[in-house]
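Counting from 1, the numbers follow the sequence of the chain as shown.
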Amino acid sequence: MEHSDFLSTAFIYLLAAVVSVPIAKRLGLGSVLGYLIAGVLIGPFGIGAVGDQTGVLHFAEFGVVMLLFLIGLELKPSLLWRMRNLVLGAGATQVIATTAVLTSIAYFLIPSFNQALALGLIFALSSTAIVLQSFGEKGLMKTTGGQTGFGILLFQDLAVIPIISLLPLLASASVDAPPDAGDSSTLLRVLVPLVAVVALIAAGRFIVKPVFRFIAQSRLREVFTAAALLMVVAIALLMNLVGLSPALGAFVAGVVLAENEYRHEIESDLEPFKGLLLGLFFLGVGASINFDLLRQEFMLIFAAVVLLIIAKFAVLIAVGIVSKLDRRAIMVIAFFLAQGGEFGFVLFEYARQSSVFDARTVSLGTLIVALSMMAAPLLMIIHDKLIEPMVSRQPSKEADAIEPDGPIIVAGFGRFGQVVSRLLMAAGHNLTILDHDSEQIELVRRFGNKVFFGDASRIDLLTAAGAEEAQLLVVAVDNVEKSLEIVKGVKRHFPNLKMVVRARNRQHAYELIRLGVTVFERETFQSSISLGIEALKQLGLDEKSAKRAGAQFAEHDNQALTELAELWGDEKAYGTAVRKSLQTLRLVLESDQDYIAEQSDPALAETKT
């Protein structure tokens, strides 16, 4: 490619990304679908701004490698060990069951069992790039559904290795192929990858740390970034050399380096490259869709894509049920993993080279994978807009039979509710604790906490918890809508029950004031005041003056809260009141600092008089 051609292609890709992705995000479609649509538009079957994308896809797959490496950096070996049941349980079940179902379907259409099995194995894989990118954007990585989905994807990446080894064997029964070289060659193919992985782990533990320490001493950020890139490229080359998945090797290296002291620097240096390369990958997938073939075989391809998604969706729901996941987690893995994967492009090409499929079958297969990947963001939108609200409204299991443990009810036992509850219990009070998050309850019960599963916005559950005779209700839930729903229900049905309420933010506090709640605490307010006091001390103010400034700020802000709550919603009046309040506060603090100075320096006071 000439220099000018390279620059023009780079310009087109960057322009497509900059224009399409923000629009897609604004429309609620997500960045992945934005990249895919942009790729279709600029590709040879769109406006034809760029040509064949095979080389671009091979280059952009390095973004998937970086993604797995950065995920590995977040997973310490101890955490990965705890995930072994997810990987070997849900992951293995999904791959085996999906392969069996898809092979059975393909066998009705293709006379060759070997080819049907190859299709089943390739289509069983999901898109690591799309799913993990979406998990990160939607904050699902730490949830049960996100962890299970990640475990399944990790096993799929592991499964790529035996699939690559199996494909040439599937060709031997139907196509004249050279026999295996013998037992020694087979043993060598097994030992070489094993030695490479062991060498990778050893290098991560004993070589990388001193090398990065030496580079860090140069204090040149660009050299450190180059070293991080060099490490990932070297891993990818090594894995390619021994016939393993570069993405899997990068993940193993990331896990090995998870406890390295330079982990955060490496992560921050590689994050921008990962994002750009993943975007390039999705653009390449969109641009590579062969619309001529799609027009020729539309019904076949459309039916295959729909059948693939439905089959994988059904298997994933079954996997979720067998794994005893709650409804929310089952819906996450089913809607997010029901597409084909980027490794399908690699495996179909390898299957063609191994004489498993002819060129036309490979073209059809890669088109089915690409279109299913394009459908994935649409499935995620359906999940977010329709399924998640339904699942959230319906508890994943029946509420516990509640037996009141004390005259104080705590609704919400997350990080905020736990602190309040511990303080009350330390002061000798007995509590009846409710929480509607089954995952959170399962976690806290491991540490001996007695928590009932139930939605505190349900009046029958509050009644069962003893709300009619209770001395106090602590509303510590983190969802603003749920908090307001609880407060409204208590005001209506238990008007004499005292409440103290957690306010998520200032707007939530305004709503509570309007509902007549007099005792509430903005969850970050006191900690922010404390940090502000420390900031004033660091800037040279003595401790007494800093604490006095913090106290005056808190008093003024709490007084202004009621006035501003009445104006919330009237943008013009509210803005004017906020500016007036800030000006008043500034004058109060300045006056107070003058007073403190006079008290500490009598000569200054005499001068002023």
Side-chain angles (χ1 to χ4, degrees), residues 139-140 142-145 326-329 388-400 402 404-425 429 431-445 447 449-467 470-495 497-527 565:
L140 294 172
K142 302 296 183 182
T143 66
T144 299
D326 58 46
R327 276 198 288 258
R328 180 176 294 181
E388 175 62 22
M390 291 170 51
V391 175
S392 298
R393 286 197 297 268
Q394 299 175 354
S396 57
K397 63 174 184 176
E398 293 297 321
D400 292 336
I402 300 173
D405 288 329
I408 299 173
I409 303 171
V410 177
F413 201 62
R415 56 186 176 85
F416 194 96
Q418 288 178 40
V419 174
V420 178
S421 299
R422 284 162 50 200
L423 174 59
L424 293 173
M425 288 188 287
H429 296 284
L431 312 179
T432 301
I433 304 173
L434 305 176
D435 199 290
H436 68 282
D437 188 333
S438 58
E439 299 174 21
Q440 177 68 10
I441 290 175
E442 183 181 348
L443 174 65
V444 298
R445 280 177 177 173
F447 299 96
N449 296 290
K450 186 176 182 180
V451 183
F452 295 103
F453 176 80
D455 184 351
S457 64
R458 289 175 51 182
I459 301 304
D460 59 325
L461 294 185
L462 281 179
T463 302
Q471 298 176 1
L472 182 70
L473 170 64
V474 179
V475 182
V477 297
D478 62 354
N479 184 282
V480 174
E481 289 75 19
K482 184 64 67 177
S483 170
L484 295 174
E485 189 178 349
I486 294 171
V487 170
K488 291 174 184 176
V490 170
K491 286 285 185 180
R492 187 180 305 114
H493 295 278
F494 311 106
L497 178 58
K498 296 178 181 178
M499 283 186 290
V500 294
V501 185
R502 166 194 188 179
R504 284 278 291 176
N505 49 44
R506 197 176 189 87
Q507 292 74 32
H508 187 194
Y510 291 157
E511 296 292 341
L512 293 173
I513 291 172
R514 290 177 174 180
L515 291 172
V517 176
T518 56
V519 184
F520 58 85
E521 184 64 52
R522 286 170 279 168
E523 64 178 40
T524 59
F525 186 67
Q526 290 297 335
S527 57

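Annotation for Leu434 and Ala456: closest pair CD1-CB, 4.2 Å, computed over non-hydrogen atoms. The heavy-atom pair separating Ala465 from Thr432 by the smallest distance is CB-CG2, 4.0 Å. Closest of all the heavy-atom pairs between Ala476 and Gly417 is CB-CA, 3.6 Å. Shortest non-hydrogen contact noted between Gly414 and Asp435 is N-OD2, 4.0 Å. For the residue pair Val420 and Val474, the shortest heavy atom distance occurs at CG1-CG1, 3.9 Å. Closest non-hydrogen pair, Gly516 versus Lys491, comes out as O-NZ, 3.4 Å.
In this view, Asp460 and Arg458 satisfy the side chain to side chain donor-acceptor pair (under 3.5 Å) rule, not counting sequence neighbours. Take Glu485 and apply the salt bridge (charged side-chain N to carboxylate O under 4.0 Å, His left out) test, not counting sequence neighbours, and it matches Lys482. Listed by chain and number, the residues in a salt bridge (charged side-chain N to carboxylate O under 4.0 Å, His left out) with Arg504 are Glu523 (sequence neighbours excluded).
To the nearest 0.5 angstrom, Met499 atom CE is 9.0 Å from Ser483 atom OG. How far CG of Leu484 is from CZ of Arg514: 11.0 Å, rounded to the nearest 0.5 Å. Taken from NE2 in His508 to CD in Glu481, the straight-line distance is 8.5 Å, to the nearest 0.5 Å.
Counting heavy atoms from C-beta on, the side chains of Val475 and Phe520 never come closer than 4.5 Å. At least one side-chain heavy atom of Ile408 sits less than 4.5 Å from a side-chain heavy atom of Leu424. Side-chain contact check for Ile486 versus Leu473: some heavy-atom pair is nearer than 4.5 Å.
No donor-acceptor pair closer than 3.5 Å links the side chain of Glu521 to the backbone N or O of Arg502.
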